[in-house]
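We're numbering straight along the sequence, starting at 1.
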Amino acid sequence: MRTDLQALRGIAVTYVLFYHAGIGSVEAGYLGVDIFFVVSGFLITGIVRDELLAGTFSFRRFYMRRARRLLPAALVVLAACAAASGYFLSNAHQAWFYRQLVGAMAFLVNFELWLQVDYFAPAADKSPLLHMWSLAIEEQYYLLLPAALALLRPAWWGWALACVVVASFAACLATHAQDPAAAFYLLPTRAWELCIGSVGAIYAERWGRSPWVSRLSPPALTTLLVIPFAPTGAPHPGLDAALICTATLILLLRREDTVWPPVQLMASIGDRSYSLYLVHWPLFAFATNVYVSSTIPADVRAGLLGLSLVLGYLLYRLVEQPFRARELILNFGLAVRFGLANFAIAGLWFASTSLWTDARQIQDFDRPNWGFSRDCVQNKTFAPSERCRNVPADDVEMIVWGDSFAMHLVPGLAAQPGARIEQATTEACGPLRGIAPRNEASYTRRWAEFCLDFSESVVTHIANSSAEIVVLSTSITQYVEDTATVLSVEAGGFLERPGSLDLAMKRLSATVSALRAARKRVVVVSAPPRANYDLPECLVRRETGRLVLGYFSDCQMSMEMYRSAAPASVTFFERLETEADVPVIRLEDYLCSDRGTCLTELDGTVLYRDRIHLSVDGSTKLAETMGWLTEIRARAR
């Protein structure tokens, strides 16, 4: 095995380990996976190419080598995760884990993760099998590549793979604008990275002798060593991944078999990179569940990194190496053993769940709180619907307008006797005319324009409605935090500009004025205090006897925590009543005491469904105890 190739694997896994451990300044350590993709494409394509040209290629032998290389260590890790899941994961996360487990055993887990979780979202940190997405993509690529090369003439291999690089990269960029998770998790939008390695393998002999490879090697190495520490900030996968993949290819073509000690060290780590990659992430994910926060203490993270190195070495020596050296024959007995291994993993998961799950019933706190219905999270201009009100249209007294923070008020308001409510909501789009959140990751330009149109359509509907009162609610953070960007309607058209308190205040004031011009009374309900950790998860873990460690183990929320979690939002609601001349019902006035703590439970009811939104039961409980309906009727003006 080439020393430089293994060294690249060592660099890749080191980036990933340090990124997940939060050690050092590897801001974009996830780019290590992109290095893996190029190396894997280069290596596998080279093997298939040589055997096809020699006439010795066998699909059975190829896939058995892949199985011998990947399956034993993967099954051991899956079995260990299954056994540990019942103790470390709450009921809700176990349900997600089971679906991921099934997907991982079939190397299809990337599809399941695409539907479940954003890789860069906090919830992803709690998924022990999150890292299996990249192995699934590689296996899907290995399934297609040999057949594609076998069907094509050798003269067409390079051109065909180059076309896949261009098409896949274009699909990646186009998909990212519409569905960033699909662009991240799925083979069609990541195949270009593996194909870059494949193209390099096809032309390795010709390109490897070219002078340009030697000239580009130093800047390529610099790119490989700098970009993970200082990324461009472009959406991923995108520019950073393209730079890293190109740099990796150039270094592979350079073929530098050196005995320089740092390269030898990286090559040694690269030999164990697969086992290290497999074992490290479940340790950090289980720890995140136990600490109910991505903020794991530094000494614990360092300890987990050390444990990863030990377990990775043991997995490499005791499982990966012995099975790699052993000749496996594809037969009925092997298929039976593989099936039994899968059943054993499922059995371990079931046994661990039965052993550790507390028999006491807990409330279904984390079910989505969409208000009346999922249909009320509209994705077009506002259209009245019978499913989004609890009375006929001509009998509506009150319209609740806003983002998810308006949605979570609806169950409580609708449960009040005499409530006549209509819901006008969509995700992340607050009740502000002429301004919409904007960022590359979630709030694309197209989405921001939809938000602006949605707000105008709601104002038109309210003006023609029988409703007397309009309740506005939003978190406002997406408009006012330091990193916020908004799309603003100006005299000359649309303008992207930094978000700010003053701009949001101005636009909300204008919205209130427009509603009052339509003879409506208006009131604002603030966002509730927010935690900077998974508050409901903590409460449920404590209730069911699961381990909770760290600063948040008492499951309390302090005023200091709340104010530090969203300082701009706190300031906005403090200034709103005076500067926008609109009454504000501040939930913190009820939930937070003079002792500096805020309620998270009330009479046994968990108030939150996540760290910032009220649960369905929490909304109903607060509406009853605070008298929301009466308060709104009395204060709206």
Side-chain angles (χ1 to χ4, degrees), residues 13 15-23 26-34 36 77-78 81 84-85 88-104 108-137 175-176 179-186 189-190 228 231 235-238 240-241 277-296 300-301 304-305 308 366 368 427-428 439-442 531-538 541 552 609-613:
V13 79
Y15 282 152
V16 172
L17 287 172
F18 276 52
Y19 174 67
H20 287 154
I23 294 174
V26 192
E27 185 179 339
Y30 49 81
L31 291 169
V33 174
D34 303 271
F36 275 127
V77 171
L78 291 177
C81 289
S85 65
F88 288 106
L89 302 183
S90 65
N91 292 5
H93 287 96
Q94 282 182 42
W96 284 21
F97 173 82
Y98 176 69
R99 293 168 58 182
Q100 293 172 15
L101 183 65
V102 172
L108 294 171
V109 72
N110 56 323
F111 289 97
E112 186 60 44
L113 290 166
W114 168 42
L115 298 174
Q116 283 188 13
V117 63
D118 178 354
Y119 181 87
F120 295 103
D125 293 344
K126 296 186 175 183
S127 300
L129 302 182
L130 179 73
H131 63 321
M132 299 294 287
W133 72 272
S134 62
L135 302 179
I137 282 183
T175 304
H176 199 285
D179 189 347
F184 184 91
Y185 283 122
L186 302 185
T189 53
R190 299 303 290 261
H236 183 73
D240 291 331
Y277 185 79
L278 282 176
V279 303
H280 88 282
W281 177 250
L283 297 176
F284 288 99
F286 285 131
T288 300
N289 281 272
V290 169
Y291 281 88
V292 294
S293 170
S294 298
T295 310
I296 303 172
V300 175
R301 285 187 274 116
L304 291 173
L305 180 59
S308 298
D366 62 344
E427 291 281 3
N439 67 44
E440 293 295 337
S442 304
N532 56 7
Y533 69 100
D534 195 334
L535 172 60
E537 173 82 358
C538 182
R541 290 181 70 86
F552 308 116
R609 69 166 301 268
D610 54 29
R611 66 187 184 88
I612 55 179
H613 294 99

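- Side-chain atoms of Asp534 do not come within 3.5 Å of backbone N or O of Ser293 as any donor-acceptor pair.
- Put simply, the side chain of His176 never gets that close to the backbone of Gly238: no donor and acceptor are under 3.5 Å apart.
- Pairing each heavy atom of Gln116 with each of Arg99, the nearest pair is NE2-CB, 3.7 Å.
- Residues Ala104 and Leu129 approach most closely at CB-CD1, 4.3 Å, considering heavy atoms.
- The backbone N or O of Leu535 sits nowhere less than 3.5 Å from a side-chain atom of Arg611 that would complete a donor-acceptor pair.
- Contact between Cys538 and Phe552 at its shortest, heavy atoms only, is SG-O, 3.3 Å.
- Listed here is the closest heavy atom pair of Phe284 and Ser308: CE1-OG, 4.1 Å.
- With rounding to the nearest 0.5 Å, the separation of CD1 in Ile296 from CG in Leu283 is 10.0 Å.
- One finds the NE2 atom of His93 at 5.0 Å from the NZ atom of Lys126 (value rounded to the nearest 0.5 Å).
- Taking the side chain as every heavy atom from C-beta outward, Met132 and Leu278 approach each other to under 4.5 Å.
- Between the CG atom in Leu305 and the CD1 atom in Ile23 there is a gap of 4.5 Å [rounded to 0.5 Å].
- His20 has its side chain within reach of Trp281: a pair of non-hydrogen atoms, C-beta onward, lies under 4.5 Å apart.
- In this structure, Gln94 contributes its side chain and Leu89 its backbone to a donor-acceptor pair below 3.5 Å.
- Using a 4.5 Å heavy-atom threshold, the side chains of Val26 and Leu31 count as separate.
- With rounding to the nearest 0.5 angstrom, the CZ atom of Phe111 is 15.0 Å from the CD atom of Gln100.
- Within the 4.5 Å cutoff, the side chain of Val16 has heavy atoms near those of the His280 side chain.
- Contact of the Trp133 side chain with the Val33 side chain is registered, since non-hydrogen atoms from C-beta on lie closer than 4.5 Å.
- A search for side chain to side chain donor-acceptor pair (under 3.5 Å) contacts involving Tyr277 returns Ser134, not counting sequence neighbours.
- Remark: the backbone N or O of Ala285 is paired with a side-chain donor or acceptor of Asn289 at under 3.5 angstrom.
- For Arg541 (side chain) and Phe88 (main-chain N/O), a donor-acceptor pair under 3.5 Å exists by modelled atom type.
- When the side chain to side chain donor-acceptor pair (under 3.5 Å) test is applied to Trp114, the partners found at least two apart in sequence or on another chain are Asp179.
- Atom CG of residue Leu108 and atom CG of residue Asn110 lie 7.0 Å apart, to the nearest 0.5 angstrom.
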Kindly indicate, with the supporting measurements, whether the criterion side-chain contact (heavy atoms from CB on, under 4.5 Å) is fulfilled by Val13 and Phe36. CA-CA 8 Å; Val13 79; Phe36 275 127; 3.7 Å; yes

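- Looking at Pro228 and Phe18, their side chains never come closer than 4.5 Å, going by heavy atoms from C-beta outward.
- Contact detail for Pro128 and His131: the closest heavy-atom pair is O-CE1, 3.4 Å.
- Annotation: the span from Thr295 atom OG1 to Asp125 atom CG amounts to 9.5 Å, rounded to 0.5 Å.
- Between Tyr533 and Tyr291, every side-chain heavy-atom pair lies at or beyond the 4.5 Å cut-off.
- When the salt bridge (Lys or Arg N to Asp or Glu O under 4.0 Å) test is applied to Arg190, the partners found at least two apart in sequence or on another chain are Asp34, Glu193.
- Ser85 and Phe286 get closest at one heavy-atom pair: CA-CE2, 4.2 Å.
- Judged by distance alone, the side chain of Thr175 and the main-chain N or O of Pro180 form no donor-acceptor pair under 3.5 Å.
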